[in-house]
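One structure is given here, and the rest of the page talks about it.
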Amino acid sequence: MSKLAAFGGTAAVPRDRRHVDWPLVEDEDRKAVLDALDGARLVSNSDGANPVSTLEERWARRFGHEHCVAVSTGTAALSLALAALGVGPGDEVIVPAMSFIATGLAPVHQMAVPVFADVDPVTFNIDPDDVERRITDRTRAIIPVHLHGAPADMDRITDVARRHGLAVVEDAAQAPGATHRGRPVGSIGEAGAFSLQATKNIPTCGEGGLLVTGDAGLAEAVRKGRQFGEVIEAGRDRDYISYGLGWNHKMNALQAAFTDAQLARFDAYEDMRQRNVAEFLGRLAQLPGLRVPTALPDTTHAWHILRFRFDPAAFGLDGVRPEALRSALRRLLRAEGVPMSQYQLMPLPDQKVFVDRVGFGSGYPWAVTDAPAPVKGEGYPVARAVIADSLTLQKRHLHPGSGELLRLYADAFEKVWAHRDMVATLAGARS
Ligand SMILES: *Cc1c(COP(=O)(O)O)cnc(C)c1O
(Lines give C-alpha, C1' and ligand atoms only; values in the text may rest on other atoms or scores of the structure.)
Protein backbone atom coordinates (compact mmCIF):
# COMPACT_ATOMS: atom_id res chain seq x y z
CA MET A 1 0.00 0.00 0.00
CA SER A 2 1.64 3.27 -1.04
CA LYS A 3 2.21 5.95 1.56
CA LEU A 4 -0.21 8.88 1.78
CA ALA A 5 1.10 12.12 0.24
CA ALA A 6 0.15 13.99 3.42
CA PHE A 7 2.81 11.92 5.22
CA GLY A 8 5.58 12.07 2.64
CA GLY A 9 4.33 9.59 0.04
CA THR A 10 4.04 10.22 -3.70
CA ALA A 11 0.83 12.06 -4.66
CA ALA A 12 -1.69 10.08 -6.71
CA VAL A 13 -2.12 13.08 -9.03
CA PRO A 14 1.31 14.24 -10.27
CA ARG A 15 1.87 18.00 -10.01
CA ASP A 16 2.31 18.48 -13.75
CA ARG A 17 -1.07 16.87 -14.43
CA ARG A 18 -3.12 19.03 -12.10
CA HIS A 19 -3.71 22.21 -14.08
CA VAL A 20 -6.93 22.43 -16.09
CA ASP A 21 -8.09 25.43 -18.08
CA TRP A 22 -11.72 26.42 -17.82
CA PRO A 23 -13.17 27.95 -19.85
CA LEU A 24 -11.48 26.16 -22.70
CA VAL A 25 -10.59 28.87 -25.22
CA GLU A 26 -10.21 27.57 -28.79
CA ASP A 27 -9.33 29.29 -32.06
CA GLU A 28 -13.04 29.52 -33.00
CA ASP A 29 -13.64 31.62 -29.87
CA ARG A 30 -10.76 33.96 -30.67
CA LYS A 31 -11.97 34.35 -34.24
CA ALA A 32 -15.57 34.99 -33.15
CA VAL A 33 -14.46 37.75 -30.76
CA LEU A 34 -12.15 39.37 -33.34
CA ASP A 35 -14.86 39.21 -36.01
CA ALA A 36 -17.29 40.90 -33.63
CA LEU A 37 -14.66 43.54 -32.86
CA ASP A 38 -14.25 44.26 -36.56
CA GLY A 39 -17.99 44.27 -37.22
CA ALA A 40 -20.13 47.39 -37.15
CA ARG A 41 -22.53 46.18 -34.45
CA LEU A 42 -20.74 46.60 -31.16
CA VAL A 43 -23.89 47.79 -29.44
CA SER A 44 -27.10 45.88 -29.07
CA ASN A 45 -29.29 48.85 -28.26
CA SER A 46 -30.77 49.17 -31.69
CA ASP A 47 -32.78 46.92 -33.91
CA GLY A 48 -31.14 44.56 -36.40
CA ALA A 49 -28.95 41.46 -36.32
CA ASN A 50 -25.90 41.68 -34.11
CA PRO A 51 -23.90 39.15 -32.08
CA VAL A 52 -26.31 39.55 -29.16
CA SER A 53 -29.48 38.78 -31.13
CA THR A 54 -27.66 35.92 -32.89
CA LEU A 55 -26.80 34.33 -29.54
CA GLU A 56 -30.39 34.79 -28.32
CA GLU A 57 -31.72 32.95 -31.37
CA ARG A 58 -29.21 30.13 -31.29
CA TRP A 59 -29.56 29.53 -27.55
CA ALA A 60 -33.35 29.42 -27.85
CA ARG A 61 -33.12 26.99 -30.78
CA ARG A 62 -30.52 24.67 -29.20
CA PHE A 63 -32.35 24.26 -25.90
CA GLY A 64 -35.92 24.63 -27.09
CA HIS A 65 -36.91 27.92 -25.48
CA GLU A 66 -39.46 30.14 -27.13
CA HIS A 67 -37.91 33.48 -26.17
CA CYS A 68 -34.40 34.31 -25.03
CA VAL A 69 -33.21 37.74 -23.88
CA ALA A 70 -29.49 38.29 -23.34
CA VAL A 71 -28.52 40.43 -20.34
CA SER A 72 -25.42 41.47 -18.42
CA THR A 73 -25.36 38.70 -15.77
CA GLY A 74 -27.36 35.79 -14.42
CA THR A 75 -28.24 37.90 -11.40
CA ALA A 76 -29.67 40.59 -13.70
CA ALA A 77 -31.73 37.91 -15.47
CA LEU A 78 -33.27 36.84 -12.12
CA SER A 79 -33.95 40.43 -11.04
CA LEU A 80 -35.45 41.43 -14.39
CA ALA A 81 -37.69 38.34 -14.42
CA LEU A 82 -39.05 39.20 -10.97
CA ALA A 83 -39.54 42.84 -11.99
CA ALA A 84 -41.32 41.81 -15.20
CA LEU A 85 -43.62 39.54 -13.16
CA GLY A 86 -44.57 42.51 -11.01
CA VAL A 87 -42.80 41.36 -7.83
CA GLY A 88 -42.24 44.42 -5.65
CA PRO A 89 -42.24 45.97 -2.16
CA GLY A 90 -44.08 43.91 0.43
CA ASP A 91 -43.98 40.72 -1.62
CA GLU A 92 -42.26 37.54 -0.52
CA VAL A 93 -40.29 35.21 -2.77
CA ILE A 94 -39.43 31.69 -1.62
CA VAL A 95 -35.86 30.61 -2.38
CA PRO A 96 -33.77 27.60 -1.29
CA ALA A 97 -31.65 27.82 1.86
CA MET A 98 -28.74 26.44 -0.15
CA SER A 99 -27.67 28.28 -3.28
CA PHE A 100 -25.32 30.96 -4.53
CA ILE A 101 -26.01 34.30 -2.83
CA ALA A 102 -27.48 35.84 -6.01
CA THR A 103 -30.66 33.74 -5.65
CA GLY A 104 -31.36 35.37 -2.30
CA LEU A 105 -30.37 38.88 -3.40
CA ALA A 106 -32.55 39.01 -6.54
CA PRO A 107 -35.83 39.47 -4.59
CA VAL A 108 -34.18 42.16 -2.43
CA HIS A 109 -33.25 44.05 -5.60
CA GLN A 110 -37.02 44.32 -6.23
CA MET A 111 -37.65 45.37 -2.60
CA ALA A 112 -39.20 41.95 -1.99
CA VAL A 113 -38.34 39.73 0.97
CA PRO A 114 -36.58 36.41 0.35
CA VAL A 115 -38.10 33.61 2.42
CA PHE A 116 -35.88 30.54 2.68
CA ALA A 117 -37.01 26.92 2.38
CA ASP A 118 -34.93 23.88 3.29
CA VAL A 119 -33.50 21.56 0.64
CA ASP A 120 -33.59 17.87 -0.30
CA PRO A 121 -30.72 15.74 1.09
CA VAL A 122 -30.10 13.97 -2.23
CA THR A 123 -30.60 16.58 -4.95
CA PHE A 124 -29.71 19.56 -2.69
CA ASN A 125 -32.63 21.38 -4.31
CA ILE A 126 -35.56 23.21 -2.71
CA ASP A 127 -37.97 20.95 -0.80
CA PRO A 128 -41.51 21.46 -2.18
CA ASP A 129 -43.11 20.52 1.18
CA ASP A 130 -41.10 23.17 2.99
CA VAL A 131 -42.00 25.67 0.26
CA GLU A 132 -45.67 25.00 0.89
CA ARG A 133 -45.25 25.48 4.66
CA ARG A 134 -43.70 28.91 4.12
CA ILE A 135 -46.37 30.36 1.83
CA THR A 136 -48.17 33.40 3.25
CA ASP A 137 -50.67 35.81 1.71
CA ARG A 138 -47.68 37.93 0.66
CA THR A 139 -45.94 35.17 -1.33
CA ARG A 140 -45.74 35.96 -5.04
CA ALA A 141 -43.08 33.71 -6.51
CA ILE A 142 -40.81 30.70 -5.99
CA ILE A 143 -37.24 30.51 -7.29
CA PRO A 144 -36.24 26.84 -7.54
CA VAL A 145 -32.50 26.50 -8.24
CA HIS A 146 -31.18 23.61 -10.32
CA LEU A 147 -28.19 23.48 -8.02
CA HIS A 148 -24.97 21.92 -9.32
CA GLY A 149 -26.82 21.12 -12.56
CA ALA A 150 -29.42 18.77 -11.01
CA PRO A 151 -33.01 19.63 -11.97
CA ALA A 152 -35.23 20.58 -9.03
CA ASP A 153 -38.46 18.65 -8.49
CA MET A 154 -40.41 20.74 -11.00
CA ASP A 155 -43.54 18.55 -10.95
CA ARG A 156 -44.20 19.23 -7.30
CA ILE A 157 -43.00 22.83 -7.39
CA THR A 158 -45.28 23.57 -10.35
CA ASP A 159 -48.15 21.91 -8.50
CA VAL A 160 -47.60 23.99 -5.34
CA ALA A 161 -47.27 27.16 -7.43
CA ARG A 162 -50.45 26.47 -9.36
CA ARG A 163 -52.51 25.73 -6.27
CA HIS A 164 -51.38 28.98 -4.62
CA GLY A 165 -51.27 31.20 -7.71
CA LEU A 166 -47.50 31.80 -7.56
CA ALA A 167 -45.03 32.49 -10.36
CA VAL A 168 -42.02 30.19 -10.80
CA VAL A 169 -38.67 31.65 -11.89
CA GLU A 170 -36.09 28.92 -12.40
CA ASP A 171 -32.51 29.72 -11.44
CA ALA A 172 -30.78 27.60 -14.09
CA ALA A 173 -27.42 29.41 -13.76
CA GLN A 174 -25.65 26.10 -13.12
CA ALA A 175 -27.71 23.94 -15.42
CA PRO A 176 -27.66 24.63 -19.17
CA GLY A 177 -28.34 21.30 -20.87
CA ALA A 178 -30.17 19.83 -17.87
CA THR A 179 -33.62 18.40 -18.57
CA HIS A 180 -36.58 17.35 -16.47
CA ARG A 181 -38.86 14.74 -18.08
CA GLY A 182 -37.41 15.69 -21.44
CA ARG A 183 -38.03 19.40 -20.99
CA PRO A 184 -35.13 21.86 -20.82
CA VAL A 185 -34.79 23.54 -17.44
CA GLY A 186 -35.62 27.24 -17.62
CA SER A 187 -38.74 26.62 -19.72
CA ILE A 188 -40.82 24.83 -17.11
CA GLY A 189 -41.72 27.83 -14.95
CA GLU A 190 -42.80 31.29 -16.13
CA ALA A 191 -39.15 32.22 -16.73
CA GLY A 192 -35.63 30.85 -16.36
CA ALA A 193 -32.27 32.51 -15.78
CA PHE A 194 -28.91 31.28 -17.06
CA SER A 195 -25.47 32.63 -16.22
CA LEU A 196 -22.59 32.82 -18.69
CA GLN A 197 -20.08 33.84 -16.03
CA ALA A 198 -16.68 32.41 -16.97
CA THR A 199 -16.78 29.38 -14.64
CA LYS A 200 -20.22 28.14 -15.70
CA ASN A 201 -20.85 25.20 -18.06
CA ILE A 202 -21.34 27.40 -21.13
CA PRO A 203 -19.15 30.40 -20.40
CA THR A 204 -18.37 33.79 -21.83
CA CYS A 205 -15.04 35.59 -21.43
CA GLY A 206 -16.33 37.55 -18.44
CA GLU A 207 -19.92 38.13 -17.36
CA GLY A 208 -23.22 37.46 -19.07
CA GLY A 209 -26.71 36.11 -18.51
CA LEU A 210 -29.78 34.95 -20.40
CA LEU A 211 -33.46 35.07 -19.58
CA VAL A 212 -35.69 32.49 -21.24
CA THR A 213 -39.47 32.27 -21.21
CA GLY A 214 -42.42 30.90 -23.14
CA ASP A 215 -44.33 34.13 -22.56
CA ALA A 216 -43.90 36.77 -25.28
CA GLY A 217 -45.18 39.55 -23.01
CA LEU A 218 -42.72 38.66 -20.30
CA ALA A 219 -39.84 38.57 -22.81
CA GLU A 220 -40.89 42.04 -24.00
CA ALA A 221 -41.00 43.37 -20.44
CA VAL A 222 -37.49 42.03 -19.79
CA ARG A 223 -36.23 43.63 -23.02
CA LYS A 224 -37.61 46.95 -21.78
CA GLY A 225 -36.13 46.40 -18.34
CA ARG A 226 -32.64 45.70 -19.68
CA GLN A 227 -32.57 48.99 -21.57
CA PHE A 228 -33.86 51.96 -19.57
CA GLY A 229 -37.51 50.99 -20.08
CA GLU A 230 -37.29 51.75 -23.78
CA VAL A 231 -39.10 49.92 -26.57
CA ILE A 232 -36.85 48.94 -29.47
CA GLU A 233 -38.84 48.03 -32.56
CA ALA A 234 -37.81 46.77 -35.96
CA GLY A 235 -37.70 49.47 -38.59
CA ARG A 236 -38.14 52.34 -36.15
CA ASP A 237 -35.50 54.74 -34.87
CA ARG A 238 -34.72 54.66 -31.18
CA ASP A 239 -36.95 57.31 -29.58
CA TYR A 240 -35.36 57.48 -26.11
CA ILE A 241 -38.71 57.25 -24.36
CA SER A 242 -38.83 55.28 -21.14
CA TYR A 243 -42.10 53.40 -20.79
CA GLY A 244 -41.34 51.89 -17.40
CA LEU A 245 -38.63 51.38 -14.82
CA GLY A 246 -35.55 50.14 -16.58
CA TRP A 247 -31.91 49.43 -15.88
CA ASN A 248 -28.91 49.11 -18.11
CA HIS A 249 -28.42 45.35 -18.11
CA LYS A 250 -27.45 44.84 -21.74
CA MET A 251 -25.00 42.16 -22.84
CA ASN A 252 -22.03 43.30 -24.89
CA ALA A 253 -21.33 42.02 -28.39
CA LEU A 254 -17.89 40.50 -27.70
CA GLN A 255 -19.22 38.40 -24.89
CA ALA A 256 -22.16 37.25 -27.00
CA ALA A 257 -19.82 36.26 -29.83
CA PHE A 258 -17.60 34.26 -27.47
CA THR A 259 -20.54 32.32 -26.01
CA ASP A 260 -22.01 31.73 -29.46
CA ALA A 261 -18.75 30.01 -30.46
CA GLN A 262 -18.78 27.97 -27.22
CA LEU A 263 -22.39 26.99 -27.82
CA ALA A 264 -21.44 25.48 -31.18
CA ARG A 265 -19.14 23.03 -29.33
CA PHE A 266 -21.46 22.41 -26.38
CA ASP A 267 -22.88 19.09 -27.60
CA ALA A 268 -19.44 17.64 -28.27
CA TYR A 269 -18.19 18.82 -24.85
CA GLU A 270 -21.30 17.59 -23.12
CA ASP A 271 -21.01 14.06 -24.57
CA MET A 272 -17.47 13.75 -23.26
CA ARG A 273 -18.37 15.30 -19.91
CA GLN A 274 -21.27 12.91 -19.36
CA ARG A 275 -19.02 9.95 -20.11
CA ASN A 276 -16.10 11.18 -17.97
CA VAL A 277 -18.28 12.00 -14.99
CA ALA A 278 -20.24 8.71 -15.20
CA GLU A 279 -17.03 6.67 -15.16
CA PHE A 280 -15.61 8.70 -12.27
CA LEU A 281 -18.74 8.52 -10.12
CA GLY A 282 -19.12 4.82 -10.92
CA ARG A 283 -15.74 4.15 -9.31
CA LEU A 284 -16.31 6.40 -6.30
CA ALA A 285 -19.74 4.88 -5.64
CA GLN A 286 -17.93 1.69 -4.52
CA LEU A 287 -16.31 3.41 -1.53
CA PRO A 288 -18.08 2.94 1.82
CA GLY A 289 -19.23 6.12 3.54
CA LEU A 290 -19.04 8.19 0.35
CA ARG A 291 -22.30 9.37 -1.20
CA VAL A 292 -21.81 10.42 -4.80
CA PRO A 293 -24.16 12.81 -6.62
CA THR A 294 -26.81 11.10 -8.71
CA ALA A 295 -29.17 12.08 -11.49
CA LEU A 296 -32.79 11.32 -10.61
CA PRO A 297 -34.77 9.15 -13.08
CA ASP A 298 -36.10 11.05 -16.09
CA THR A 299 -33.63 13.91 -15.67
CA THR A 300 -30.36 14.96 -17.26
CA HIS A 301 -27.83 16.28 -14.73
CA ALA A 302 -25.48 18.98 -16.06
CA TRP A 303 -22.80 18.14 -13.41
CA HIS A 304 -21.78 21.76 -12.90
CA ILE A 305 -20.45 20.93 -9.44
CA LEU A 306 -19.84 17.46 -7.99
CA ARG A 307 -20.81 17.32 -4.32
CA PHE A 308 -19.78 14.35 -2.19
CA ARG A 309 -21.31 13.65 1.21
CA PHE A 310 -19.38 11.67 3.84
CA ASP A 311 -21.19 9.42 6.29
CA PRO A 312 -19.05 8.62 9.38
CA ALA A 313 -21.11 5.55 10.40
CA ALA A 314 -20.95 3.96 6.94
CA PHE A 315 -17.23 4.82 6.83
CA GLY A 316 -16.80 2.78 10.01
CA LEU A 317 -16.39 5.78 12.29
CA ASP A 318 -19.53 5.70 14.37
CA GLY A 319 -19.76 8.70 16.68
CA VAL A 320 -17.25 10.85 14.76
CA ARG A 321 -18.63 14.28 13.84
CA PRO A 322 -19.21 14.74 10.08
CA GLU A 323 -17.12 17.94 10.14
CA ALA A 324 -14.17 16.03 11.62
CA LEU A 325 -14.34 13.31 8.97
CA ARG A 326 -14.73 15.88 6.25
CA SER A 327 -11.74 17.88 7.41
CA ALA A 328 -9.53 14.75 7.58
CA LEU A 329 -10.58 13.70 4.07
CA ARG A 330 -10.12 17.20 2.73
CA ARG A 331 -6.56 17.32 4.02
CA LEU A 332 -5.62 13.85 2.72
CA LEU A 333 -7.28 14.25 -0.69
CA ARG A 334 -5.80 17.69 -1.28
CA ALA A 335 -2.34 16.33 -0.46
CA GLU A 336 -2.91 13.66 -3.14
CA GLY A 337 -3.72 16.44 -5.64
CA VAL A 338 -7.52 16.40 -5.60
CA PRO A 339 -8.72 20.01 -5.13
CA MET A 340 -11.68 19.27 -2.85
CA SER A 341 -13.33 22.45 -1.60
CA GLN A 342 -16.39 23.71 0.20
CA TYR A 343 -19.08 25.35 -1.91
CA GLN A 344 -21.21 27.54 0.35
CA LEU A 345 -19.87 27.89 3.88
CA MET A 346 -23.30 28.50 5.40
CA PRO A 347 -26.99 28.32 4.51
CA LEU A 348 -28.15 31.45 2.67
CA PRO A 349 -30.33 32.65 5.59
CA ASP A 350 -27.15 32.85 7.75
CA GLN A 351 -25.68 35.47 5.42
CA LYS A 352 -25.16 38.80 7.16
CA VAL A 353 -27.19 40.72 4.59
CA PHE A 354 -30.31 38.75 5.59
CA VAL A 355 -29.69 38.32 9.33
CA ASP A 356 -28.85 42.01 9.84
CA ARG A 357 -31.31 43.19 7.16
CA VAL A 358 -28.70 45.28 5.41
CA GLY A 359 -30.84 46.34 2.49
CA PHE A 360 -31.84 49.77 1.32
CA GLY A 361 -31.44 51.51 4.67
CA SER A 362 -33.87 51.58 7.62
CA GLY A 363 -34.24 47.80 7.23
CA TYR A 364 -35.99 47.88 3.85
CA PRO A 365 -37.33 45.81 2.18
CA TRP A 366 -37.95 43.79 5.37
CA ALA A 367 -39.42 46.82 7.18
CA VAL A 368 -42.34 46.82 4.72
CA THR A 369 -43.64 43.55 6.15
CA ASP A 370 -43.72 41.85 9.52
CA ALA A 371 -41.75 38.85 8.22
CA PRO A 372 -39.32 37.66 10.91
CA ALA A 373 -35.60 37.92 10.11
CA PRO A 374 -33.68 34.64 9.86
CA VAL A 375 -31.69 33.87 13.01
CA LYS A 376 -28.11 32.85 12.40
CA GLY A 377 -27.54 29.16 13.11
CA GLU A 378 -31.23 28.29 13.36
CA GLY A 379 -33.50 26.18 11.15
CA TYR A 380 -32.84 24.52 7.78
CA PRO A 381 -31.52 21.25 9.23
CA VAL A 382 -30.99 19.56 5.87
CA ALA A 383 -29.03 22.45 4.35
CA ARG A 384 -26.91 22.57 7.53
CA ALA A 385 -26.26 18.82 7.47
CA VAL A 386 -25.25 18.87 3.79
CA ILE A 387 -22.91 21.82 4.32
CA ALA A 388 -21.36 20.07 7.36
CA ASP A 389 -20.68 16.69 5.78
CA SER A 390 -19.80 17.39 2.15
CA LEU A 391 -17.05 18.66 -0.14
CA THR A 392 -17.17 19.56 -3.80
CA LEU A 393 -15.13 19.30 -6.97
CA GLN A 394 -15.49 22.26 -9.29
CA LYS A 395 -14.46 23.29 -12.81
CA ARG A 396 -11.84 20.61 -13.65
CA HIS A 397 -14.39 18.01 -14.71
CA LEU A 398 -16.10 20.51 -17.03
CA HIS A 399 -13.16 20.22 -19.44
CA PRO A 400 -14.09 17.61 -22.08
CA GLY A 401 -10.57 16.16 -21.88
CA SER A 402 -10.69 15.58 -18.12
CA GLY A 403 -11.20 11.79 -18.34
CA GLU A 404 -7.59 10.92 -17.49
CA LEU A 405 -7.45 13.46 -14.65
CA LEU A 406 -10.67 12.06 -13.16
CA ARG A 407 -9.11 8.57 -13.26
CA LEU A 408 -6.19 9.95 -11.21
CA TYR A 409 -8.67 11.59 -8.81
CA ALA A 410 -10.41 8.22 -8.41
CA ASP A 411 -7.01 6.59 -7.72
CA ALA A 412 -6.48 9.20 -4.99
CA PHE A 413 -9.86 8.51 -3.37
CA GLU A 414 -9.21 4.76 -3.41
CA LYS A 415 -5.75 5.30 -1.92
CA VAL A 416 -7.12 7.42 0.92
CA TRP A 417 -9.89 4.89 1.56
CA ALA A 418 -7.22 2.16 1.77
CA HIS A 419 -5.73 4.11 4.70
CA ARG A 420 -8.87 4.25 6.74
CA ASP A 421 -6.94 3.84 9.99
CA MET A 422 -5.13 7.09 9.22
CA VAL A 423 -8.39 8.86 8.38
CA ALA A 424 -9.79 7.64 11.69
CA THR A 425 -6.80 9.01 13.60
CA LEU A 426 -6.98 12.39 11.84
CA ALA A 427 -10.73 12.58 12.40
CA GLY A 428 -10.11 12.06 16.13
CA ALA A 429 -11.89 8.72 16.43
CA ARG A 430 -11.43 6.93 19.74
CA SER A 431 -9.98 3.50 19.08
C1 LIG B 1 -23.66 31.97 -10.90
C2 LIG B 1 -24.98 31.90 -10.28
C3 LIG B 1 -25.88 32.98 -10.27
C4 LIG B 1 -25.51 34.35 -10.74
O5 LIG B 1 -25.03 34.44 -12.02
P6 LIG B 1 -24.06 35.67 -12.38
O7 LIG B 1 -23.96 35.58 -13.86
O8 LIG B 1 -22.76 35.39 -11.68
O9 LIG B 1 -24.70 36.91 -11.91
C10 LIG B 1 -27.14 32.80 -9.74
N11 LIG B 1 -27.50 31.62 -9.21
C12 LIG B 1 -26.67 30.57 -9.17
C13 LIG B 1 -27.17 29.28 -8.58
C14 LIG B 1 -25.38 30.67 -9.69
O15 LIG B 1 -24.56 29.62 -9.63
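The figures here come from the full heavy-atom set of this structure, side chains too, leaving out hydrogens, waters and symmetry mates. As the structure lists them, so they are numbered: ligands from 1, and atoms in each ligand from 1.
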For ligand 1, run through the N/O pairs with the protein that fall under 3.5 Å and put one pair on each line.
residue: ligand 1; atom: 5 (O); partner: Ser195; partner atom: OG; Å: 3.3
residue: ligand 1; atom: 7 (O); partner: Gly74; partner atom: N; Å: 2.7
residue: ligand 1; atom: 7 (O); partner: Ser195; partner atom: OG; Å: 2.6
residue: ligand 1; atom: 9 (O); partner: Gly74; partner atom: N; Å: 3.4
residue: ligand 1; atom: 9 (O); partner: Thr75; partner atom: N; Å: 2.9
residue: ligand 1; atom: 9 (O); partner: Thr75; partner atom: OG1; Å: 2.5
residue: ligand 1; atom: 11 (N); partner: Asp171; partner atom: OD1; Å: 3.3
residue: ligand 1; atom: 11 (N); partner: Asp171; partner atom: OD2; Å: 2.7
residue: ligand 1; atom: 15 (O); partner: Gln174; partner atom: NE2; Å: 2.8
residue: ligand 1; atom: 15 (O); partner: Lys200; partner atom: NZ; Å: 2.9

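A search for side chain to side chain donor-acceptor pair (under 3.5 Å) contacts involving Trp303 returns Gln274, not counting sequence neighbours. When the side chain to side chain donor-acceptor pair (under 3.5 Å) test is applied to Asn201, the partners found at least two apart in sequence or on another chain are His304.
In summary, Glu323 and Arg326 do not engage in a salt bridge, as defined by a charged side-chain N under 4.0 Å from a carboxylate O.
Remark: aromatic rings of Phe100 and Tyr343 are distant, center separation not under 6.0 Å. Taking the six-membered ring for Trp, Phe194 and His65 have ring centres closer than 6.0 Å.
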List, one per line, each side-chain donor-acceptor pair under 3.5 Å for residues 67-78, sequence neighbours excluded.
residue: Ser72; atom: OG; partner: His249; partner atom: ND1; Å: 3.3
residue: Thr73; atom: OG1; partner: Thr75; partner atom: N; Å: 3.4
residue: Thr73; atom: OG1; partner: Ala76; partner atom: N; Å: 2.9

